[in-house]
Structure formats: C-alpha cells, structure tokens
Amino acid sequence: MKNWRRTRTCGELNSESIGESVVLNGWVHARRDHGGIYFVDLRDRYGITQLVLGGNISEAVKLSAEDVIAVRGKVVARDESNVNKQRPTGWIEIDVEELEILSKSLTPPFEVSGGDEPAVETRLRYRYIDLRRESMQKNILHRAKFISAMRRAFDDEGFCDIETPILTKATPEGARDYLVPSRVHPGSFYALPQSPQIFKQILQVSGFDRYYQVARCFRDEDLRADRQPDFTQLDMEMSFVEEEDIYGVWERILVRTFRDAMGLELSAPFQRMRYDEAMERFGSDKPDLRFDLELKDVADWARKSDFGVFRGALDSGGRVMGLCLPGGAKLSRKEITALEVVVKEYGAKGLAWWKASADGGAGPLARFCAGNLAGDLMALVGAAEGDLCLFVADRQDTVRRSLGELRRHLAAAPHAGVARREGWAFLWVTHFPMFERDEEAERWVSLHHPFTAPENWEFWKEGDGDLSCIASRAYDLVANGWELGSGSIRIHRADVQAKVFEVLGIEADEAQEKFGFLLEALSFGAPPHGGFALGLDRVTALTAGLDNIRDIIAFPKTTSAMDLMCVAPSPVPLGQLEEVHIRPAGRALVRAFETTAPEPSTEASSGSSRV
RNA sequence: GGGGACGUAGCUCAAUUGGUUAGAGUACCGGCCUGUCACGCCGGGGGUUGCGGGUUCAAGUCCCGUCGUCCUCGCCA
C-alpha cells in the first residue's frame with residue numbers, strides 16, 4: 001500500500017520549492033489533453049497547481065472534472081514562455097510520477113470553474129458543489145475569519161462565552177416561534193429561541209457581568225434578502241453599564257475586528273443620532289449616511305402657497321416634506337413618474353415635483369411658485385437652479401417613510417447621479433420609542449422588546465393615554481443603511497418590569513406564567529445591565545460586498561424556508577407524530593398519510609423522486 | 001396572505017405577429033493533437049419547453065389553474 005497522504009497543498013508551492021518531491025491531493029479543476037502530454041489543474045482550498053502528466057501515466061485519460069486524486073511528483077520550474085502570471089503557483093508545475101484516483105465524480109450539475117453562475121435553485125440543491133466555487137469559498141472563509149477575529153476581541157475584553165438552550169420556552173411577544181413538541185409531556189411544546197435574551201439577562205443576575213455567545217436564533221416569519229429563519233448573532237450582555245459603555249466596547253471590538261479580519265481602519269467613536277432625528281432628516285431608522293439628500297420640512301412654504309393638496313395635509317395634522325436631487329432637472333417626465341411609483345409603494349398618494357428656478361421653475365408645482373415663492377421654496381429645500389425637488393404631503397409616518405425610501409432609491413439609481421462617499425458609515429441610532437400602537441389589536445406593543453428600560457419612566461407612570469412619545473433606552477447599530485444589530489439597557493427591577501407588562505396588556509398571571517422566572521430572578525438582586533446583538537450574517541455579507549445574506553451562509557433556505565439540499569421540512573410518518581402526541585388535520589393529515597402509506601411496487605424509482 | 005419577475009438541453013441563454021424538424025455556447029461522449037492554462041481541430045448524443053387544463057387548423061409563444069425560484073408589501077419583540 002502506497003501512502004497517498006498529501007505533503008503539501010495546492011496553493012503553497014512556488015519557485016522556492018523547485019526540486020522538491022511532493023504528494024498532492026485535490027480535485028481535478030480542469031484538464032487539457034494534448035495527446036501524449038496531459039495537463040491537470042489540481043484544486044484544493046488553498047489554490048490551484050498545474051500537474052503535467054506524460055505518456056507514462058496511463059490513468060491520465062480516465063480523469064474527469066471533480067475527480068479526487070493524489071499525485072506523487074517533483075516540483076519543476078516552468079520555461080519563461082510557459083509561466084502563468086495569473087496564479088501564484090504559475091511559475092512551477094508538478095512533473096507527475098504516479099497518480100491515484102481516490103474518488104471518481106459524476107458529471108457535475110454545473111461547472112465549478114468559470115462558467116456562468118447557475119440559478120439559485122440549482123446552487124442550493126447542490127450546495128456542496130456550489131460551495132466549491134471560488135466566490136463561495138471566499139465568502140465562507142471571510143465569515144470564518146471575521147467571526148474568529150470578533151471572538152478574540154471579546155475574549156480579550158474579558159467576556160465569558162456561555163451557551164444557552166436551543167430547546168426553550170415559547171414567548172407570547174414578538175416573532176412567531178418555531179415549536180418543538182414534547183414526547184414526555186403530552187400537549188406541551190418547547191420553542192426555539194428567537195434570541196437568548198432572557199437567558200443572558202439571567203446570567204447578569206448570576207454575576208457573569210460580561211457574557212457573549214455566537215448564538216443561533218430562530219424566527220418563523222417570512223424571508224427577505226437579509227432575513228433567514230435561522231440566523232446567527234454575536235450576542236452580548238454586560239452589568240453595571242449605561243449606553244456609552246456598550247457603545248464603547250462595540251466600537252473597540254469592531255475596530256479590532258475590521259483591522260484583524262480585513263486590514264481596514266474604522267474611525268471611532270461612531271456617530272450617534274436619536275431616532276427622531278434619523279426619521280426627520282432621513283425618513284429611516286437605518287439611514288445610509290454615505291450620501292446627503294436630506295428630507296426638508298416645507299410646511300412654512302405650503303402655508304403661504306395656494307396648493308390645496310399641501311394645505312389639506314397640514315390642516316389634517318399631517319406634514320409636507322421634500323428632498324432635493326442636485327442636477328435632477330435633467331430627468332425626463334417618464335423618469336420622474338417612475339419615482340412616483342416608489343413613494344406610492346409606501347403609502348404616499350402622490351409625488352409633487354418641481355424643477356427649481358428662481359423664475360418659477362417647471363413641473364406641477366411651478367404655478368404655485370409665483371414671485372418670491374420660488375425663491376422661498378429653493379431656500380427651504382436647499383435647492384439651486386437645475387435641481388429637482390420632490391415632495392410628499394400626508395400623515396407624518398407616510399411622508400417620512402416614503403421619502404426615506406425615495407432617498408435610498410435615488411442613491412442607488414445610476415441616472416440620478418447622487419454623490420456617494422466611500423467607506424463605512426457607522427452610527428448608533430438611539431432613543432427608540434418605547435411603545436408602538438398595534439391598531440389592529442388595539443393595544444400598545446414593545447418596539448424593541450418588553451425588557452427594555454424606559455428613558456423617561458416618571459412621565460407616563462401617572463396614567464395611560466398616548467404612550468408613543470416615551471423613549472426607550474434601546475439602540476441600533478447601522479452601517480451603510482443596513483441595520484446590523486440592536487440592543488438596550490434593560491429593566492433590572494421586578495416592579496418596573498411588572499409595570500411594563502401591565503402597559504403591554506400582559507395580565508399579571510400571564511406574565512407570571514410566561515416570564516415569572518425572569519421576574520423572580522430580577523427580585524433576587526439584579527445588577528443594572530444592558531447588551532447588544534450583532535447580526536453576523538448581515539455584517540459578514542455587507543463586508544463581503546454581498547447584497548443577500550444567503551451567500552455568506554453555508555446552507556441557507558429559500559424564500560419559502562425550504563432547504564433544497566436536504567428537502568426540509570418534510571413529512572414524517574404518523575407513528576412519529578403520535579409519539580409526540582400530534583394529530584395532523586386537513587392538508588397536513590393527507591400529507592401524513594401519503595408519507596406513512598407503504599409505497600406501491602414502484603419503490604425502486606421513488607428513491608430519486610422529490611416531494 | 002397580497003404584488004411583481006422568472007421557469008426552454010446537465011448549465012447559461014435564444015427562438016420575429018401563434019406557423020418548417022425548438023437553436024447557440026458550454027458541459028458530456030468518441031477521435032486527433034507533446035506546452036496548454038477559457039487549449040485547439042473533427043464528429044456525436046442529449047428536449048414531457050415546470051406540471052395540468054383550455055382556445056386554435058396550428059401553442060415554447062395566448063388564456064385559466066397549479067408548483068417552484070427570486071424580489072417585495074404585510075410580517076419580522
């Protein structure tokens with residue numbers, strides 16, 4: 001038996017290795033048959049090395065793409081004319097003496113080397129092959145490097161890595177839980193954690209004053225480009241701290257992580273901005289600060305003008321705001337109409353536009369810009385000649401949201417020509433509202449979560465009424481328009497926590513049943529504490545230059561939460577359901593019977609069929 | 001749950017107004033080639049046009065339904 005274990009990898013051999021005898025293992029990336037001489041690009045995680053196989057290697061002709069092979073040979077220099085400067089290993093090649101095929105490959109469903117990128121569906125079905133592609137190797141390695149650097153930073157800051165349960169308790173608030181039936185306790189269910197929130201608070205009560213964890217979190221909600229049903233957070237919590245302590249730790253850690261993982265220098269401290277200011281200036285709680293296009297209040301102008309739509313919005317308690325696109329007067333009517341579609345998607349009834357000029361300008365608003373009104377409007381929105389001004393009049397939240405989305409849209413549209421600053425625009429968005437009105441359920445709900453401390457608690461202690469003006473001690477970290485994470489200073493007194501549950505309409509006995517253990521823990525001497533969780537899928541996707549977190553996750557799910565490789569979720573036999581005391585109904589029952597029923601005689605072919 | 005886009009060879013795509021035997025590149029198979037690295041040259045196989053129904057003399061193309069993928073609104077403490 002020959003020893004075919006590799007002595008070197010495919011990425012490390014260069015001119016200094018000439019003359020060395022080596023054994024290489026790897027995948028056949030490409031092969032070129034010249035009749036009598038045969039070239040193979042051998043690939044592993046570390047690189048690609050060219051093998052030269054002469055007529056003495058009879059197995060050479062049997063090789064096909066993605067076979068796994070081992071070769072023994074000598075590192076030799078290439079002639080000057082044969083050097084491949086595209087590759088680090090391009091100055092050498094392996095003069096192969098012996099070859100062993102370790103494992104044959106079927107014809108791959110798509111090409112690992114070059115070629116067009118296959119459809120997402122195909123890539124996910126054959127994820128193990130997709131992950132061989134250079135871009136995916138790069139993404140996955142970036143993620144590993146980033147998270148590893150961040151772990152080291154937390155360790156060095158004195159944080160303690162503590163695991164928390166995956167099988168835990170269902171929570172009434174927030175996202176829909178993934179449920180796990182209990183076999184031992186008929187009719188009872190575990191839930192997968194939406195986050196380790198309660199456990200990390202309890203760890204503070206236990207005295208672990210600096211906790212962190214790379215935590216899997218689960219939320220049974222619909223997916224987006226930046227949302228997967230199971231995702232990963234860098235979760236942390238600290239005791240005896242206030243907001244600035246949390247910001248400071250994270251700024252140090254992120255500066256270090258960016259430096260160690262990417263060689264980039266972030267500038268810290270990051271900007272801080274209150275939620276109200278972010279909403280008023282940018283129409284978003286995650287503003288992208290790499291470009292301007294700020295929203296401007298034009299109520300003063302609207303009151304002076306005769307434009308009924310604007311005045312009507314003001315009279316009914318709404319707002320009139322606009323933004324100015326520098327040089328935007330060159331946009332065609334068709335292009336402007338397309339912008340109106342954008343704001344309408346977010347509830348605006350229309351988009352008023354005006355090509356700014358002191359002599360009255362052009363567009364639907366021009367006839368309301370006689371005399372000084374044109375100059376007044378230009379001053380209010382900060383417009384110059386040749387700029388395009390865009391306005392929405394509506395309820396405040398509609399005005400802000402639609403213009404905020406329009407701002408994002410314009411910045412992304414090449415023809416709008418919005419100037420964008422390079423680099424990383426990090427900021428802390430602070431003082432989120434404590435509560436939000438759920439109009440449908442006619443009750444107040446937590447904007448963040450019910451354990452968040454209120455900022456101005458005394459103010460509303462008195463009575464009920466409008467709670468929307470109460471600020472919380474919650475904060476988000478935003479970079480380049482992405483919400484990367486959020487956190488808050490928590491309530492550390494059981495009586496305050498009980499009061500918040502009361503406001504949220506969670507009855508005392510319900511609170512006791514759902515969160516009693518937390519309330520109890522808080523009543524045994526809880527330190528003031530707070531924390532934060534960073535979305536690792538998002539931050540690594542963003543720093544890898546991706547616009548979808550799917551490509552930074554080894555085994556992601558589709559928009560309908562399917563794993564196309566495993567084909568999960570999948571039906572289970574009725575017997576397995578009975579064991580956990582579940583009886584399916586309706587369509588689920590039909591599916592369960594199909595799964596349980598013995599296969600007809602076509603069994604042989606059913607192995608390859610997919611549900 | 002709603003809206004939009006897409007689904008044709010293993011893969012990436014084309015197919016005019018509904019009209020000939022559904023094409024190309026690549027991959028695959030066979031042959032040739034001793035310096036290629038997107039090797040080249042010659043030849044070949046490969047299609048339930050996602051699935052089901054309908055309209056029509058005729059459907060990849062039009063209509064209805066359905067399944068899947070992607071984006072998105074709602075949703076996501």
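In what follows, chains are A, B, ... by sequence order, proteins preceding strands, each numbered from 1.
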Say you pick atom [atom1] in [N] and the same atom in [M]; how far apart are they, in whole Å?
N: C63(B); M: G44(B); atom1: P; result: 39 Å
N: U8(B); M: U69(B); atom1: C1'; result: 16 Å
N: G54(B); M: G68(B); atom1: P; result: 23 Å
N: G4(B); M: U56(B); atom1: P; result: 28 Å
N: A22(B); M: U61(B); atom1: C1'; result: 12 Å
N: A24(B); M: G31(B); atom1: P; result: 23 Å
N: A27(B); M: G50(B); atom1: C1'; result: 22 Å
N: C6(B); M: U12(B); atom1: C1'; result: 14 Å

Spacing of [X] atom [atom1] relative to [N] atom [atom2], expressed in whole Å:
X: Glu66(A); N: C28(B); atom1: CD; atom2: P; result: 10 Å
X: Arg408(A); N: U72(B); atom1: CZ; atom2: C1'; result: 12 Å
X: Tyr126(A); N: G10(B); atom1: OH; atom2: P; result: 10 Å
X: Asp226(A); N: C73(B); atom1: CG; atom2: P; result: 9 Å
X: Tyr38(A); N: C32(B); atom1: OH; atom2: P; result: 13 Å

Under 4.0 Å, counting only non-hydrogen atoms across every strand here, what does [X] touch: a base, just sugar-phosphate, or nothing?
X: Arg123(A); result: nothing
X: Leu223(A); result: nothing
X: Ser195(A); result: base
X: Tyr346(A); result: sugar-phosphate

**OP:** For His431(A), check ring pair (Phe, Tyr, Trp, His ring centres under 6.0 Å) against everything at least two apart and list the hits.
**Re:** none
Does a donor on one side chain sit under 3.5 Å from an acceptor on the other, for [X] and [Y]?
X: His449(A); Y: Arg490(A); value: yes
X: Tyr211(A); Y: Asp235(A); value: yes
X: Arg216(A); Y: Thr232(A); value: yes

**OP:** Please determine, for the side chain of Arg550(A), which listed nucleotide (C71(B), G74(B), C76(B)) has the closest atom?
**Re:** C71(B)
Subject >> Pair listing, salt bridge (charged side-chain N to carboxylate O under 4.0 Å, His left out) test, anchored in residues 109-121 of chain A, at least two apart >> reply: Glu117(A)-Arg123(A), Glu117(A)-Arg133(A)
Subject >> Under 4.0 Å protein heavy-atom contacts per nucleotide of nucleotides 33-40 of chain B, with B for base, S for backbone only and - for none >> reply: BSBBB-B-
Original post:
Between the side chain of Arg407(A) and the main-chain N/O of Asp288(A), is any donor-acceptor distance below 3.5 Å?
Top reply: yes
Original post:
Parallel, tilted or perpendicular: which fits the ring planes of Phe515(A) and Phe501(A), with parallel below 30° and perpendicular above 60°?
Top reply: parallel
Original post:
Counting only Watson-Crick or G-U wobble pairs whose two distances fall under 3.5 Å, which nucleotide matches C41(B)?
Top reply: G31(B)
Subject >> Leu447(A) vs Glu121(A), nearer the 5' end of RNA chain B by closest nucleotide >> reply: Glu121(A)
**OP:** Between Pro118(A) and Arg176(A), just flag the one whose closest nucleotide in RNA chain B comes earlier from the 5' side.
**Re:** Pro118(A)
Subject >> Aromatic ring proximity Trp428(A)/Phe532(A), centre distance under 6.0 Å >> reply: yes
